[in-house]
**Student:** 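Before I ask anything, here is the structure I am working with.
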Amino acid sequence: MKIDTTKVVDILKAYPALTAADLRRIVEEMNNLVQTAQDEGEGDKEPPVKKQFVVLVSDKDGLLKGNDFVAWVLQIEEGESPATTEDRILRGAYEFNASKRGHLLPVTTIGDALENVGAKYLKNAGVWAKTKTPVLVVRTNNQIPTE
């Protein structure tokens with residue numbers, strides 16, 4: 001719980017043994033502590049990583065038109081190439097499989113990795129899974145009929 005310094009000053013004024021000089025020194029010391037805490041708090045936080053969305057489509061045969069597909073929605077860092085997304089997932093899966101839990105329950109597919117690998121392994125590889133289970137992909141021609 002934090003107490004406003006003005007309330008502390010009001011409480012301290014109730015004690016007649018404190019002189020005005022003592023009260024001023026106490027208030028100055030409290031203000032210095034608050035300022036120091038604020039300065040330290042600003043330096044500790046790292047700015048959030050800017051990310052971009054990527055949709056990874058499961059297209060085994062390389063044919064998008066006329067078929068139903070599933071995909072996972074992911075995020076990678078803003079400046080990174082989306083083409084590296086699969087490699088990032090593989091790195092996270094390899095790191096997971098090398099762990100104690102990964103030895104017991106190793107992942108063998110991308111879908112298994114996105115569903116079962118912990119976020120810390122994927123984050124270390126630079127990918128964030130927004131959907132752990134695959135979602136359906138719907139194809140569009142990107143046109144709105146005029147009539």
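Keep in mind the model is a prediction, meaning the values are calculated, not measured.
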**Student:** Please assess Leu105 against Asn116 for the test side-chain contact (heavy atoms from CB on, under 4.5 Å), listing each intermediate value before the final yes or no.
**Tutor:** CA-CA 9 Å; Leu105 302 167; Asn116 298 315; over 6 Å; no

**Student:** Minimum heavy-atom separation for Asn97 to Pro106, with atom names?
**Tutor:** OD1-CA, 3.2 Å

**Student:** Indicate the atoms forming the closest heavy-atom contact of Val70 with Val137, along with that distance.
**Tutor:**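 Residues Val70 and Val137, closest heavy atoms: C-CG2, 3.9 Å.
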
**Student:** Might you point out which heavy atoms bring Trp72 and Leu114 nearest each other, and give the distance in Å?
**Tutor:** CG-CD1, 3.3 Å

**Student:** Apply side-chain contact (heavy atoms from CB on, under 4.5 Å) to Lys120 and list each qualifying residue two or more places apart in sequence or on a separate chain.
**Tutor:** none

**Student:** Using links of under 4.5 Å between side-chain heavy atoms of ILVMFWY residues, direct or through other members, which residues join Ile144 in one cluster?
**Tutor:** none

**Student:** What pairs meet the salt bridge (Lys or Arg N to Asp or Glu O under 4.0 Å) rule with one or both residues in residues 82-101, with sequence neighbours excluded?
**Tutor:**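 Matches after skipping sequence neighbours: Glu80-Arg88.
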
**Student:** Which residues pass the side-chain contact (heavy atoms from CB on, under 4.5 Å) test with Ala113, not counting sequence neighbours?
**Tutor:**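 Checked Ala113 against side-chain contact (heavy atoms from CB on, under 4.5 Å); matches are Ile89, Ala93, Val107, Val117.
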
**Student:** Which pair of non-hydrogen atoms, one from Ser99 and one from Phe96, has the smallest distance, and what is that distance?
**Tutor:**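 Looking at all heavy atoms of both residues, the shortest contact is OG-O, 2.5 Å.
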
**Student:** Can you measure from OG1 (Thr84) to CD1 (Ile76) and round to the nearest 0.5 angstrom?
**Tutor:** 5.0 Å

**Student:** Residues two or more places apart in sequence or in another chain: which of them pass side-chain contact (heavy atoms from CB on, under 4.5 Å) with Thr109?
**Tutor:** Asp112

**Student:** Which residues satisfy the side-chain contact (heavy atoms from CB on, under 4.5 Å) test with Ala83, sequence neighbours excluded?
**Tutor:**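 Expected list: Ser81.
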
**Student:** How close do Leu122 and Ala129 get, heavy atom to heavy atom, and via which atoms?
**Tutor:** CD1-CB, 4.3 Å

**Student:** For Lys132, I'd like to know if atom NZ has over 12 heavy atoms of other residues, nucleotides or ligands within 6.0 Å.
**Tutor:** yes

**Student:** As an exercise, state the distance from CD of Glu77 to NZ of Lys51, rounded to the nearest 0.5 Å.
**Tutor:** 9.0 Å

